[in-house]
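A short worksheet on the structure shown next.
Start at 1 and go down the list; that is how both ligands and their atoms are numbered. Count residues from 1 along the sequence.
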Amino acid sequence: MAKVLVFIDNPGDALKKSSLELLTLARSLGETVVALNGDLNSGVSDEFAEYGVTAVYRPSSQDLDNYLVAPKAAYLAAAVEAAGAGTVLLDNSPEGKEIAARLGIRLGAGVITDVVGVDADGTAHKSVLAGSYTTASRVTTPVAVLTVKANNVTPEPAASPSTPDAVTVEVPGDSIATAARITDRQQKTATGRPDLTDARIVVAGGRGLDGDFGPVEQLADALGAAVGASRAATDAGWISHDAQVGQTGKTVSPQLYISAGISGAIQQKAGMQTAKVIVAVNKDAESPVFEIADFGIIGDLFDVLPQATEEIKKR
Ligand code: FAD
């Protein structure tokens with residue numbers, strides 16, 4: 001059976017939902033092997049077994065996080081060769097895409113980004129033009145490198161668990177010797193909120209917040225939700241770029257997406273239109289966001305959001 005290698009970067013104590021999605025997709029295409037960067041603790045190890053992973057490849061150097069992505073791509077190329085994998089699946093994050101591009105060059109492999117599904121014959125379905133169309137294409141080189149958007153596969157454990165082999169892969173020394181070393185990192189402030197791409201509820205704010213994310217954050221905390229934002233809000237520096245939802249931000253597919261002070265431009269819709277229920281709060285009744293909203297509230301978000309927060313807190 002063809003081997004499908006999934007790259008998993010620093011999972012921490014448990015795999016993210018998007019990683020479980022990649023493992024599930026990989027199993028539908030062939031034998032699943034993993035190239036892991038980071039610790040293999042017992043929780044992650046159990047999940048690999050549960051999802052039918054047959055081998056876990058790990059780098060000889062535990063130092064890859066101290067560099068920009070070039071050594072990770074070199075390690076991954078070595079893991080693909082060691083495994084004899086025909087397909088590589090990565091996150092569709094900016095870093096995942098950069099690693100995919102570098103991996104494609106190293107292996108002479110075709111790369112498809114923004115993938116939303118893959119058929120058993122390797123045909124990849126790719127979301128284009130801000131989610132307006134889906135194209136079908138197939139890589140013709142021996143190795144295919146695909147970055148897969150989150151929330152397009154339902155995670156499902158294997159019918160029977162596996163016992164993965166552990167394999168160490170030598171990281172090419174030149175890739176580290178010539179790599180740019182990271183000298184400083186900006187610490188993220190821990191919010192205690194769920195991860196945006198995995199969250200069941202997202203409360204997102206846009207330019208209508210006029211620099212004050214307080215009402216969005218308070219509603220999010222009352223609901224146990226993640227906070228998202230339009231690009232207008234992240235570009236203005238009102239909230240971190242990590243929170244951006246849309247074509248050039250994150251794709252979310254929560255049960256509930258509350259959009260406040262966001263007009264609903266096509267690039268914003270691309271990242272949230274698959275939410276199960278969309279609630280829009282906007283003071284302009286003609287705003288395009290109401291075209292995709294299941295529930296629309298025409299009003300000032302500075303009145304509506306605090307009232308909603310108050311009511312939810314009473315329950
Ligand atoms: P606006 O369009 O200015 O809308 C603000 C809304 O708030 C208005 O509808 C207004 O009626 C409402 N409002 C104002 N005050 C209040 C109030 N007090 N109460 C209630 N409502 C109020 N955008 C993204 O979001 N994500 C992306 O990933 C993204 N990628 C892009 C990629 C490209 C290549 C390009 C060209 C653009 C991209 N954009 C993206 C930008 C996108 O086109 C829009 O400019 C952006 O989404 C607008 O953000 P907004 O809705 O917050 O602002």
Step by step, work out the salt bridge (Lys or Arg N to Asp or Glu O under 4.0 Å) result for Glu311 and Lys314. CA-CA 5 Å; Glu311 283 303 316; Lys314 284 184 197 158; 3.0 Å; yes
Those residues at least two apart in sequence (or on a different chain) that pass salt bridge (charged side-chain N to carboxylate O under 4.0 Å, His left out) with Arg27 are none
Exactly which residues line ligand 1, taking a heavy atom under 4.0 Å from it as the test? Gly206, Arg207, Gly208, Ser230, Arg231, Ala232, Gln244, Val245, Gly246, Gln247, Thr248, Gly249, Gly261, Ile262, Ser263, Ala265, Gln267, Gln268, Asn282, Lys283, Asp284, Ser287, Gly299, Asp300, Leu301, Phe302
Could you walk me through whether Thr309 and Gln218 pass the side chain to side chain donor-acceptor pair (under 3.5 Å) check? CA-CA 7 Å; Thr309 306; Gln218 284 146 21; 5.7 Å; no
If the condition is salt bridge (charged side-chain N to carboxylate O under 4.0 Å, His left out), which residues does Asp195 pass it with, not counting sequence neighbours? none
Give a yes or no on this: more than 12 heavy atoms of other residues, nucleotides or ligands lie within 6.0 Å of atom CG of Asn66. yes
Sequence neighbours left out, cut at 3.5 Å: what donor-acceptor pairs do the side chains of residues 105-125 make with other protein atoms?
residue: Thr113; atom: OG1; partner: Lys126; partner atom: NZ; Å: 3.1
residue: Asp114; atom: OD1; partner: Asn92; partner atom: ND2; Å: 2.9
residue: Asp114; atom: OD1; partner: Lys97; partner atom: NZ; Å: 3.2
residue: Asp119; atom: OD1; partner: His125; partner atom: NE2; Å: 3.2
residue: Asp119; atom: OD2; partner: His125; partner atom: NE2; Å: 3.0
residue: Asp121; atom: OD1; partner: Thr123; partner atom: N; Å: 2.9
residue: Asp121; atom: OD1; partner: Thr123; partner atom: OG1; Å: 2.8
residue: Asp121; atom: OD2; partner: Thr123; partner atom: OG1; Å: 3.3
residue: Asp121; atom: OD2; partner: Arg138; partner atom: NH1; Å: 3.4

